[in-house]
Novice: 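Before I ask anything, let me first share the structure, which is written out below as structure tokens.
Quantities reported herein were computed from a predicted structural model and do not represent experimental measurements. We count ligands from 1, going down the list as the structure has it; atoms in each ligand are counted the same way.
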Amino acid sequence: MPFARRPHEKRHLMVVSHTHWDREWYLAYQAFRVRLVGLFDTLLDLFDADPEYKHFMLDGHTIPLEDYLEVRPDRFDDLERAVSQGKLLIGPWYIIPDCFLPGGEALVRNFLRGHRVAKQFGSVMKVGYIPDPFGQIAHMPQLLRGFGIEYATMWRGADDSLKTTEFVWVAPDGSEVLTAHKPRGYGVGGSLPRAKPALMARLRQIRDDLEPLATTPYLLVMNGGDHVPPQTELSSIIRVANAEMDDAELVHSSLPEFFERVRDAIGGRIGEWPRHAGEFRSGQRAHLLPGVLSARMWIKQANQECEDLLAHWAEPFSTWADMLKQQVGPEWREPLPPTTAHMPFPTSPESISALIDRAWRHLLENQPHDSICGCSVDAVHDEMRQRYEWVREIGEEIVRQALRTIGALGPDDPLGTVAVFNPTPQRASGWVETTIPWDDARPIAELAPPEGERVPVTLVGEVQRFAIPDGAPAGYDRSRAEIGFVARDVPGYGFRIYRLVPAGATGTGASPARASSDDGRVIENALFRVEASATDGTLTVTDKRAGRTLSGLHRFVDGGDRGDEYNYCAPERDRLVDQPHAPPRIRRELRPGQQRLTIEQTYRLPVRLSDDRAARAGETCDERIVSTVTLTDGVPRINIHTVVENAAEDHRLRVHFPSGLRARVSKADQHFGVVERPLQLPAYDDTWAEEPVGTYPQKAFVSVDDGEHGLTVANRGLPEYEVLETRDGAEIALTLLRCVGWLSRGDLTSRKGPAGPQLRTPGAQMPGAWAFDYAIIPHAGDWSAADAHVPAVQHVRPMRARWNRRGLGHLDWEAQLLRVDSPSFAVSAIKRAEDADGVVVRLYNIRDEAAETTVDVPDARGRVALVNLNEEHVADVDRDEDDGVGITARPNEIVTLRFRR
Ligand SMILES: [Zn+2]
């Protein structure tokens, strides 16, 4: 080995002072901030008083600076001086997230904002500091390299196949970062003793732990811990230790300095260093805490919704609306309804960007690892709920204004028009609903697309009737109705506009819905036949394209959970409930273009754990579960909406989908590509920190296949799945609820020791009614051959429809903001550039092989450049007048383009 130890070489213990600052956790934010203010006061005094106290690293994030300055704005100059002198190291993150639960784009925004805030104070620490997050994502090295960061340091997730502290971490696209593993966490040198004997014993222990794993003479000694202030006596401690040691020295250092020394020591031999490709998710050496994927599921759902609202609705469509308004020029007028209640609020593009930025801030405030993971006290998560509301309020109003603007630029029609908007890159079909003015004398029966067949409409809900006020302006709506219809082939990141056709007009007459000859338990269209079991409510699905039938799908399975917010733990004597208490009540609803089965069931569940927590209680309660299964014409997917009225405690409720396929791995959508994981658990023994589990994170979908056939289950904000190996093949289990009453406990059989303070968390029992959305996507081949990611992403981000009072005729019946020709590419962002100069489009190759596509933003006619994730220029790019920009990408490579206006 090139890095074999040279025993006589002098060791350099690089002491990096820091604090690990969870912004909220076992205390709420404001309580921790009181302590944070004290930390900064102490630190700034220490920098003044002790010139030998050289560096303090602010835990890799920048939000604590803002939190301090909000209280002490007078200390900006002191902070700026400390940063510019290299004493206070800040960034590169804005907040220290969980890495698995936020989406890839949210992680980019986190770094982007971290860099921006750090710049106000001077400079940003260019080290990927990942202190505490619960496992490491495969794509992290390429995120870091996208910000020009070449070093990373991490802790949780490594197993003992990692033999050294320094190694090269490689992302699926080939990006590499030199990484230092912290085998004992981030507090190995915290609170160094003042008394000499204790100090020397502690240093001996640190050296014994770290030296066998080190590949260079430099050891990373993290001098800090959870919510600790700087150690004011550190300089004298270092002096005392250095006077005692001949073969080692303590150096008060920083992470950048540590990595530069390590890099110099490695020199040109980096190719000989150990390498690790992909994610880290082992609980062998440190707690991984995988149960956070399903603690307080409402947070995960709200996070998905809010990320999509900002990145795929508010940003792209407000950017487009702004570009189109500029094209129209001074003729542009706000398309307001003829009532005085609606005032125009002309908002500048700069202000819209600033508002969206504000919403991103609230969303990022909810993504620290203890926040989004749901592993804090109830007060913390109550405050998160309000932040999500603020994201929704800002985002929805901006989307409403943007869609109104765009729709009003389309063709005009006497009855107004309905525009359907698609927030995904590929053409989409789906059921949409909107409100239109209603006239009982001339009810709207159909919608007419620009070409092709008219679409029948369905009235959903009651017609709303209003009294007309005296002096109401012409055009005042007498009545309004909510209509639903199937929109077909709506262009990606674009719209399709329909005319309204009243009943009795030529060619009208809705085609009757197909009814099957059964007892109301079957729905069927050109792609699928779905039958609900009269005894247990499970589904039998026939995929007519493949001629393949799957049965027993959508079986609820409920088990006990004696764990905590961090870890699932089955009681020693568990009792699974996987059958309803009584036969289900099944209703069928047939609409033109859509058929639905509503399956209503009651499960009799143990009310909680037994008093000794070793079994489930004998006492039971009724858990009502209502699922609506929907088939929509032209949609290669079976959508399911489930409402659970949760009455039980201490349990985990999952829904199972047997695939009937022999598979060895699960394939799950992750940040910038699909990650394969073995179904078999690793061999383990009682030296492990945690028992390995088969539950894993996912984004839009998880898939299994045997090469010939596949089954993909899509979800909206339900990040935990497991694929179980059964006699009949691989079975996908999707977690809906995991209900526990404790932040942490010390008596789990699935984990050694506690993961935090033992505090009660009644909110984590998730009492009340909760709604879940997921979908079944059967297909030929694997997900990639079937392009199953396209309907899965279209399930996460459904289309929206909007009625337009008038049209300026500036746009045609169809238009697109962004054109991406190949389905190999997923879109991560379409946003106004950070410096306001142009539109930034971020895509990635979702496949595990190289792919190419053309990309265009037809309304931005300026030059195009390749930029990095920090939106810094990399290279100019040629653009073809008709096709746009041609790009080729490695597997999972992220490509960010700037289109100038
Ligand atoms: Zn933490």
Novice: Closer than 4.0 angstrom, basic N to acidic O: yes or no for R392 and E389?
Specialist: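 Salt bridge present between R392 and E389.
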Novice: Just verifying a value: how many Å separate L44 CG and T42 OG1, rounded to the nearest 0.5 Å?
Specialist: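 The OG1 atom of T42 is 9.0 Å from CG of L44, to the nearest 0.5 Å.
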Novice: What class does the angle between the rings of H139 and H671 fall in, given that below 30° is parallel, 30 to 60° is tilted and above 60° is perpendicular?
Specialist: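 Rings of H139 and H671: tilted, 30 to 60°.
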Novice: Of all residues at least two apart in sequence or in a different chain, which pass the salt bridge (Lys or Arg N to Asp or Glu O under 4.0 Å) check with R33?
Specialist: E70
Novice: Apply salt bridge (charged side-chain N to carboxylate O under 4.0 Å, His left out) to residues E365 and R113 and explain how you reach the verdict.
Specialist: CA-CA 12 Å; E365 280 181 289; R113 197 178 190 94; over 6 Å; no
Novice: Quick one: does NZ or CZ of R652 land under 6.0 Å from the six-membered ring centre of Y568, within 45 degrees of the ring axis?
Specialist: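 Yes; both conditions hold, so R652 lies above the ring face of Y568.
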Novice: Ignoring waters, how many protein N/O/S atoms are under 2.8 Å from the Zn ion (ligand 1)?
Specialist: 4
